[in-house]
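Right, one structure below, let's go through it.
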Amino acid sequence: MATASDNNNFSDLACSAVRFAPLPVRMRFEKASREIVMDERPELYRVMAEELQREKRVAEIPSGANVIADPRRYLYLEGYADQQEQQTTISFEVQLEENSPTLNSDHGDARLRIERGGYFRSTVLLPNGNSPTSISKISLRCYARSNAALGGSCQNVRLNKAFTLDDNYVPRPLSFQPSPATSLKPGEAATTRFGN
């Protein structure tokens, strides 16, 4: 069913020129990533999930870049870094329990690392049955974009925000003691510890 006229008559043909969209809002991104728009209107996380389901982009086992797991299984992360002359990239690493395998936002694929500076977000898929309380540490790791860029660095690196979505797609922030911004050489990581 779709709206087919300006006065909300509807049709099952979905051929209306009328288009509905959220009202544009003016936002400032000096102190947060562009996804702050969703944080200001948390109901948009449910809209996001329903749109993914409608497009058949949600599966029990993610496959490829266009099919993901249930959005409630992800840890959403926001960081900040100054990338030096596009010579470096960054990814998030999450460890659940001490000595457990590391979960990466880039899935081990350099093409999925964050190349831009400023504020950015990414996600890490948590294994089924794990809750945010099982998180031991979150790191931001600096990488050289190529062997020629080994002299580059990631500067002012810090974790700003971490959250999951509850059963109703409402963001649940993880509380942590923010670490001071730090500079990293390729291969180094800035780590924030959780729990004990």
Side-chain angles (χ1 to χ4, degrees), residues 31-40 42-46 48-49 52 57-63 65 67-81 83 88-110 112-143 154-196:
K31 296 184 179 178
S33 66
R34 60 190 177 207
E35 290 85 0
I36 189 76
V37 174
M38 293 180 72
D39 297 349
E40 299 278 327
E43 66 273 12
L44 293 178
Y45 285 99
R46 177 180 286 280
M48 169 197 73
L52 287 166
R57 293 182 182 222
V58 177
E60 185 65 32
I61 300 172
S63 60
V67 177
I68 66 167
D70 185 321
R72 294 169 291 192
R73 287 188 49 207
Y74 288 87
L75 176 63
Y76 296 77
L77 300 159
E78 179 178 281
Y80 179 88
Q83 305 283 35
T88 55
T89 60
I90 285 187
S91 74
F92 289 99
E93 298 176 351
V94 174
Q95 196 167 25
L96 298 178
E97 297 167 357
E98 210 60 44
N99 302 318
S100 67
T102 300
L103 308 169
N104 300 301
S105 63
D106 65 10
H107 305 282
D109 185 341
L112 300 178
R113 293 181 183 142
I114 297 151
E115 298 176 350
R116 69 182 183 279
Y119 293 91
F120 49 81
R121 284 211 187 160
S122 191
T123 60
V124 171
L125 178 61
L126 298 175
N128 265 330
N130 280 277
S131 72
T133 58
S134 63
I135 293 171
S136 169
K137 63 184 179 180
I138 298 173
S139 302
L140 286 92
R141 185 167 300 278
C142 181
Y143 293 89
C154 301
Q155 300 178 1
N156 298 317
V157 176
R158 64 184 182 268
L159 176 67
N160 290 347
K161 188 182 288 192
F163 66 92
T164 59
L165 301 177
D166 70 12
D167 289 342
N168 294 311
Y169 301 97
V170 176
R172 289 186 306 193
L174 275 68
S175 60
F176 60 92
Q177 187 67 35
S179 300
T182 186
S183 292
L184 304 172
K185 294 177 182 174
E188 295 180 335
T191 299
T192 301
R193 297 195 175 274
F194 291 76
N196 304 335

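Only a predicted model underlies this, so the values are computations on that prediction, with no experimental measurement involved.
Taken from CG in N156 to OH in Y80, the straight-line distance is 6.0 Å, to the nearest 0.5 Å. One distance of note links NE2 of H107 with CG of L125; it measures 7.0 Å at 0.5 Å rounding. With rounding to the nearest 0.5 angstrom, the OG1 atom of T182 is 11.5 Å from the CZ atom of R158. Rounding to the nearest 0.5 Å gives a distance of 9.5 Å between CE of M38 and CD of E43. Of the inter-residue distances, the one linking I135 atom CD1 with L96 atom CG reads 6.5 Å to the nearest 0.5 angstrom.
You'll find the side chain of I90 reaches within 4.5 Å of the side chain of F120, heavy atoms only. Side-chain contact between S91 and R113 is present, with heavy atoms from C-beta onward closer than 4.5 Å. Proximity of I114 to L140: side-chain heavy atoms (C-beta onward) are nowhere separated by under 4.5 Å. Contact check for T191 versus Q95: no side-chain heavy atoms found under the 4.5 Å cut-off. A 4.5 Å side-chain heavy-atom check between V124 and S105 finds at least one atom pair inside the cut-off. For the pair Y45/P171, a side-chain contact is recorded, criterion being any heavy-atom separation below 4.5 Å from C-beta on. L126 has its side chain within reach of L103: a pair of non-hydrogen atoms, C-beta onward, lies under 4.5 Å apart. A 4.5 Å side-chain heavy-atom check between C142 and V157 finds every atom pair outside the cut-off.
Partner of R73 under the side-chain hydrogen bond (donor to acceptor under 3.5 Å, both in side chains) criterion, out of T164, N128, T123: N128 alone.
Heavy atoms only, all atoms of each residue included: E78 and L159 are closest at O-CD1, 3.5 Å. Of all non-hydrogen atoms in L44 and V37, the two that sit nearest each other are CD1-O, 4.2 Å. In terms of heavy-atom proximity, E35 sits nearest to R121 at CB-NH1, 3.3 Å. Across all non-hydrogen atoms, the minimal contact from K161 to I36 is NZ-CD1, 4.0 Å. Contact record, L165 with R172: O-NH2, 4.1 Å, taken as the closest heavy-atom pair. Here the shortest heavy-atom pairing between Y169 and A49 reads CE2-CB, 3.3 Å.
Within a 6.0 Å radius of CZ in R34, no more than 12 heavy atoms belonging to other residues, nucleotides or ligands are found.
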Quick one, T88 with L184, criterion side-chain contact (heavy atoms from CB on, under 4.5 Å). Give me CA distance, side-chain angles, the key distance, then yes/no.
CA-CA 10 Å; T88 55; L184 304 172; over 6 Å; no

Would Y76 and F163 satisfy ring pair (Phe, Tyr, Trp, His ring centres under 6.0 Å), going step by step from the backbone distance to the final call?
CA-CA 5 Å; Y76 296 77; F163 66 92; 5.1 Å; yes

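Aromatic ring centres of F194 and F176: separated by under 6.0 Å.
No donor-acceptor pair under 3.5 Å is formed between the side chain of N104 and the backbone N or O of G108. No donor-acceptor pair closer than 3.5 Å links the side chain of E97 to the backbone N or O of S136.
Using a 4.0 Å cut-off between charged nitrogen and carboxylate oxygen, R141 and D106 do not count as a salt-bridge pair.
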